[in-house]
Amino acid sequence: MRKKIVAGNWKMNLAYNEAKELVNSLNQYQYPNQNITKILFPPQLYIQQLMNINSQFLIGSQNVSQYNNGAYTGEVSATMLTSINCNYVLIGHSERRHYFNETDEILIEKVKLALQNNLNIIYCIGEDLIQRQNETYLKHLSNQISYLYNNINKTDCYKISIAYEPIWAIGTGLTASPNQAEEVHAFLRNEITKLTSIEIAENTSIIYGGSCNAQNAKSLFECANIDGGLIGGASLKTEDFYKIINSL
Ligand code: PGA
């Protein structure tokens, strides 16, 4: 059985008081489905304090360094995250790839260190608008996912979930239709089967991200190969995020 996941990616938003308030207000709700792994990805600065709030949410890191330790001003390592019991990390978000020039090669260094430190990884991939329009998106996604699985050990695969986030849908209000998303999720599961094994592919959660909201979440989550969502903008609004979680 693969894990069902709904994660909120807060990106670089909210002052500390607002962050605390959001966790507290989300925590006032009852979440009937106990089988959903609920994760918040706040700015790194708040991780430890938000972990201290006894909430129904796990707290993860939006990023991790490609280096283990040493003279890398401003970076936070996988060892440091593990040392405060932070167990989840996002790697490869398109904003990291685009604004901070994180290539597949850099990202795999991050993945390796995260795995060595026993972190659970949500690894993000996705095509841009041009790749979608000229129909090279499956090729692009195949390259991204192959690079990941060809560079890790099979025994580590269970620590990795995939987030399919079409770049043209992130923060744009344009969402992949359930058919578009399901096509890609099924394709990715098949690719993972070829790269690893049926067993690993069937146990790997593949979640969708990109303008997922309280209105469209249910139709996306109903698709056979969509195991949850990575939510940006709508995760900053208590009621919307609550509704999205309950749509799974
Ligand atoms: P969005 O962001 O839901 O605001 O489109 C998703 C993400 O970037 O993870």
Side-chain angles (χ1 to χ4, degrees), residues 1-11 26 29 31-41 56-58 60 62 88 90-95 97 120-129 131-133 135 137-138 140-142 144-145 160-193 201-248:
M1 266 286 282
R2 41 185 194 263
K3 236 187 281 180
K4 299 210 167 281
I5 302 171
V6 178
N9 175 12
W10 292 1
K11 311 191 180 184
L26 284 169
Y29 286 104
Y31 298 89
N33 188 344
Q34 293 294 314
N35 293 325
I36 298 174
T37 302
K38 302 185 288 300
I39 316 167
L40 301 175
F41 290 95
Q56 304 173 71
F57 291 80
L58 298 170
Q62 294 174 20
Y88 268 89
L90 281 184
I91 295 181
H93 191 280
S94 65
E95 287 151 17
R97 293 178 190 258
N120 295 293
I121 297 166
I122 298 182
Y123 191 82
C124 308
I125 60 173
E127 81 281 2
D128 64 22
L129 188 58
Q131 290 160 331
R132 169 59 60 171
Q133 285 171 339
E135 299 198 351
Y137 59 100
L138 294 179
H140 172 74
L141 293 162
S142 167
Q144 285 187 319
I145 202 144
I160 296 182
S161 304
I162 302 295
Y164 166 57
E165 298 204 301
I167 298 169
W168 49 271
I170 295 180
T172 58
L174 288 176
T175 317
S177 68
N179 281 347
Q180 287 175 319
E182 174 62 13
E183 181 207 23
V184 170
H185 283 236
F187 172 79
L188 292 174
R189 201 171 305 288
N190 195 39
E191 291 292 291
I192 300 171
T193 305
E202 285 302 322
N203 284 294
T204 299
S205 304
I206 308 178
I207 64 177
Y208 170 82
S211 298
C212 186
N213 60 38
Q215 284 73 45
N216 61 31
K218 196 165 172 42
S219 58
L220 286 159
F221 295 168
E222 272 167 4
C223 298
N225 284 288
I226 300 183
D227 306 309
L230 178 57
I231 319 298
S235 74
L236 298 169
K237 300 178 208 137
T238 308
E239 210 183 311
D240 289 30
F241 195 49
Y242 167 73
K243 281 189 190 148
I244 292 171
I245 295 169
N246 284 341
S247 303
L248 186 57

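With hydrogens and angles ignored, the 3.5 Å screen pairs no side-chain donor or acceptor of Gln62 with any backbone N or O of Leu90. The closest donor-acceptor contact from the side chain of Asp227 to the backbone of Ile206 lies under 3.5 Å. Judged by distance alone, with hydrogens and angles left aside, the side-chain atoms of Arg189 form a donor-acceptor pair with the main-chain N or O of Thr204 at under 3.5 Å.
Under the side-chain contact (heavy atoms from CB on, under 4.5 Å) criterion, Leu58 pairs with Thr37, Ile39, Tyr88, not counting sequence neighbours. Taking Gln56 as the reference, Asn27, Tyr31, Lys38 meet the side-chain contact (heavy atoms from CB on, under 4.5 Å) condition, with sequence neighbours excluded. Scanning for salt bridge (charged side-chain N to carboxylate O under 4.0 Å, His left out) contacts around Lys243 gives Glu239, with sequence neighbours left out. Take Lys11 and apply the salt bridge (charged side-chain N to carboxylate O under 4.0 Å, His left out) test, not counting sequence neighbours, and it matches Glu95. Remark: Glu202 engages Arg2 in a side chain to side chain donor-acceptor pair (under 3.5 Å) (not counting sequence neighbours). Partners of Glu191 according to the salt bridge (charged side-chain N to carboxylate O under 4.0 Å, His left out) rule, which considers only residues two or more places apart in sequence or in another chain, are Lys194.
At a cut-off of 3.5 Å, with distance as the only test, no side-chain donor of Tyr137 or Gln180 sits close to an acceptor on the other residue. Side-chain contact annotation: His140 with Glu127, donor-acceptor N/O pair under 3.5 Å absent.
Minimum heavy-atom separation, Phe221 to Ile244: CE1-O, 3.4 Å. Of all heavy-atom pairs spanning His185 and Asn225, the tightest one is ND1-O, 3.2 Å. The two residues Ser219 and Asn216 make their nearest non-hydrogen contact at OG-O, 3.0 Å. In terms of heavy atoms, Ile5 sits closest to Ser161 at CD1-OG, 3.5 Å. Here the closest non-hydrogen pair linking Cys212 and Leu220 is SG-CD1, 4.1 Å. The minimum heavy-atom distance between Pro166 and Tyr208, with the atom names listed, is CD-CE1, 3.6 Å.
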